2 protein chains.
Amino acid sequence: MASKILLIEDDKNLGDQIVTHLKRDGFEVTWVQDGLAALDTDPKQHDLVVLDLMLPGAHGLDILKIYRETAETPVLVLSARNETSTKVRALALGADDYVTKPFWPEELLARIQARLRRPLLHASDVIETGALRIDLSARVVENAGQRVDLTRIEFDLLAALGQRIGSAVTRQTLVDRVLDPDREGTGRTLDVHFSRVRKKLGSEGARIATVWGVGYRLLPS
Amino acid sequence: MASKILLIEDDKNLGDQIVTHLKRDGFEVTWVQDGLAALDTDPKQHDLVVLDLMLPGAHGLDILKIYRETAETPVLVLSARNETSTKVRALALGADDYVTKPFWPEELLARIQARLRRPLLHASDVIETGALRIDLSARVVENAGQRVDLTRIEFDLLAALGQRIGSAVTRQTLVDRVLDPDREGTGRTLDVHFSRVRKKLGSEGARIATVWGVGYRLLPS
DNA sequence: CTGAACCTTAAGTCTGCCTGAAGGTGAGAT
DNA sequence: ATCTCACCTTCAGGCAGACTTAAGGTTCAG
């Protein structure tokens, strides 16, 4: 399976050159040319990000920071700046490598491959709130340390609420996200599932609150 | 726990300086000053290796190659040579990073930390859980001390689950990782293999749980 | 070339999840 | 208070996904 690379680089010449090289080596490349577009792209959909620091729209380090809040995708920073302080900052923010321009494409390739060589450790992103523990990557829910068996939809619904603790999530959002995306928001299916989740969660189930006429939300502990 | 760094560097001044910096940052450092001594040191006993290329006794790249035959420890190469070809060779041989002299200690530190940030998938090559013992390097499985003969795919599937005990592993992941990487997740092939693994594992086979609509997981003992 | 071990596909069966219906409950409106 | 409508819960039917067996194809050693 070809690895998917997200390239964020505003320089047309350099970007073109990199894309060509990467494609020649069998990578699938998505090329984004400014900071705002980068923020609209999901790093999780890619295996590695090559990120230029000087960008129109948003600074590379800010993009890196935002990416790191949601994804563990390795980020290789590209920059003309050779100051140690910039390198240190980028690496401290979660960059996995830092390459100074100018560079030879071969080196970039070699470094990309070195990053991809190590199997991605899924950051087990875990939501802990009250007695609940929702491990999104393992798809495991614990209530006061006790494992709770949830079906696929039940888990996804709980996770959807858990990712926005305290805020209401509309029925339509939940239907779109967990059930068939092209389905009318009607029907009592959602209710049935939540009913079961509440029951399975015991006393913690009471924390799934109905927002009348809107949807549901998970009450903060 | 302090991370253990193995420093292989013959230059006394530079070595001293690096050791000082690393210790100040809480690392435990073993400093080895020539190639032969490096070959007598076990990289597996350390969390990361900082390896100079020009050494008396043995060339750094040879050391890297030998280390890579037995250990997965990250290796950060240090060198005065700035040629792309050397960098590419080092990275292709399994180095995880390449820093050109001269450098500021801060950069080295930041890069070391970037490497250590991503924990290795498995600290040891042996997974023990319940009555199961999965030796990843020997590719041997024992159930209550009894050897179990698994085929290549059967072993890889069990290992894939064993490396993330308790986590659901999606069908697609398993197909990508164990079967042909570019194949559709459809088909019953996985099921057939798991069916056989379960049977061969006897009562422990029950610990391979189906995650309906998602994949499989190895239940914690 | 032959046989054995292994992988894959196909087919039949089974299981457990999803969902719509229906009656009950309770919140909000008047 | 009472009405209304959204929501809760139970239940059973249907079906997608999973299990297992068998057979055909592939690979590899001898």
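Source: prediction; values computed, not measured. Numbered from 1 within each chain, the chains take letters A, B, ... in sequence-line order.
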(request) Go through the side-chain N and O atoms of B/Thr151 and B/Arg196 and say whether any donor and acceptor fall under 3.5 Å apart. (result)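 Note: B/Thr151 and B/Arg196 side chains miss the donor-acceptor criterion.
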From [atom1] of [X] over to [atom2] of [N], roughly how many Å is that when rounded to an integer?
{"X": "A/Lys199", "N": "D/dC8", "atom1": "NZ", "atom2": "P", "result": "14 Å"}
{"X": "B/Asp191", "N": "C/dA10", "atom1": "CG", "atom2": "P", "result": "14 Å"}
{"X": "A/Arg171", "N": "C/dT19", "atom1": "CZ", "atom2": "P", "result": "13 Å"}
{"X": "B/Phe194", "N": "C/dT8", "atom1": "CZ", "atom2": "P", "result": "13 Å"}
{"X": "B/Gln172", "N": "D/dG17", "atom1": "CD", "atom2": "P", "result": "14 Å"}
{"X": "A/Leu190", "N": "C/dT19", "atom1": "CG", "atom2": "C1'", "result": "12 Å"}
{"X": "B/Arg188", "N": "C/dT9", "atom1": "CZ", "atom2": "C1'", "result": "12 Å"}
{"X": "B/Ile153", "N": "C/dT9", "atom1": "CD1", "atom2": "P", "result": "11 Å"}

(request) Kindly indicate, with the supporting measurements, whether the criterion salt bridge (Lys or Arg N to Asp or Glu O under 4.0 Å) is fulfilled by A/Glu107 and A/Arg111. (result) CA-CA 6 Å; A/Glu107 180 181 350; A/Arg111 285 185 181 269; 2.9 Å; yes
(message) Exactly one of A/Thr30, A/Thr73, A/Thr41 should register a side chain to side chain donor-acceptor pair (under 3.5 Å) with A/His46. Which one does?
(response)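 Only one of A/Thr30, A/Thr73, A/Thr41 forms a side chain to side chain donor-acceptor pair (under 3.5 Å) with A/His46, namely A/Thr30.
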(message) Side chain of B/His193 only, heavy atoms from C-beta on: which candidate in D/dA18, C/dT9, C/dC7 is closest?
(response)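 Minimum distance to the B/His193 side chain belongs to C/dC7.
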(request) Name the closest nucleotide to the B/Val192 side chain, picking from C/dT8, D/dC19, C/dC18. (result)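 Ranking C/dT8, D/dC19, C/dC18 by closest atom to the B/Val192 side chain puts C/dT8 first.
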(request) Respond yes when some side-chain nitrogen or oxygen of A/Thr210 is under 4.0 Å from OP1 or OP2 of D/dC8, and no when none is. (result)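 Checking D/dC8 against A/Thr210, a side-chain N or O does come within under 4.0 Å of OP1 or OP2.
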(message) Is A/Tyr216 close enough to D/dA6 that one of its side-chain N or O atoms is under 4.0 Å from OP1 or OP2 there?
(response)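 Looking at the OP1 and OP2 atoms of D/dA6, neither is under 4.0 Å from any side-chain N or O of A/Tyr216.
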(message) Under 4.0 Å between a side-chain nitrogen and a carboxylate oxygen: does that hold for A/Asp191 and A/Arg171?
(response)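 Between A/Arg171 and A/Asp191 there is a salt bridge, with a charged N closer than 4.0 Å to a carboxylate O.
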(message) Taking B/Arg152 first and then B/Asp156, would you say they form a salt bridge - that is, a charged N and a carboxylate O separated by under 4.0 Å?
(response)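 Counted as a salt bridge, because a side-chain N and a carboxylate O are separated by less than 4.0 Å.
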(request) By nearest nucleotide on DNA chain D, pick out whichever of B/Arg196 and A/Arg196 is the more 5' one. (result)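 By nearest-heavy-atom nucleotide position, the 5'-most residue is A/Arg196.
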(request) Return the 5'-most residue of the pair B/Trp212, B/Ser195 with respect to DNA chain D, ranking by each residue's nearest nucleotide. (result)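 Counting from the 5' end, the first nearest nucleotide belongs to B/Trp212.
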(message) What's B/Thr189 touching, base or sugar-phosphate or nothing? Going by heavy atoms closer than 4.0 Å.
(response)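 Base contact.
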(request) Would you kindly compare B/Leu150 and A/Glu154 by the position of their nearest DNA chain C nucleotide and give the one closer to the 5′ end? (result)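 Result of the comparison: B/Leu150.
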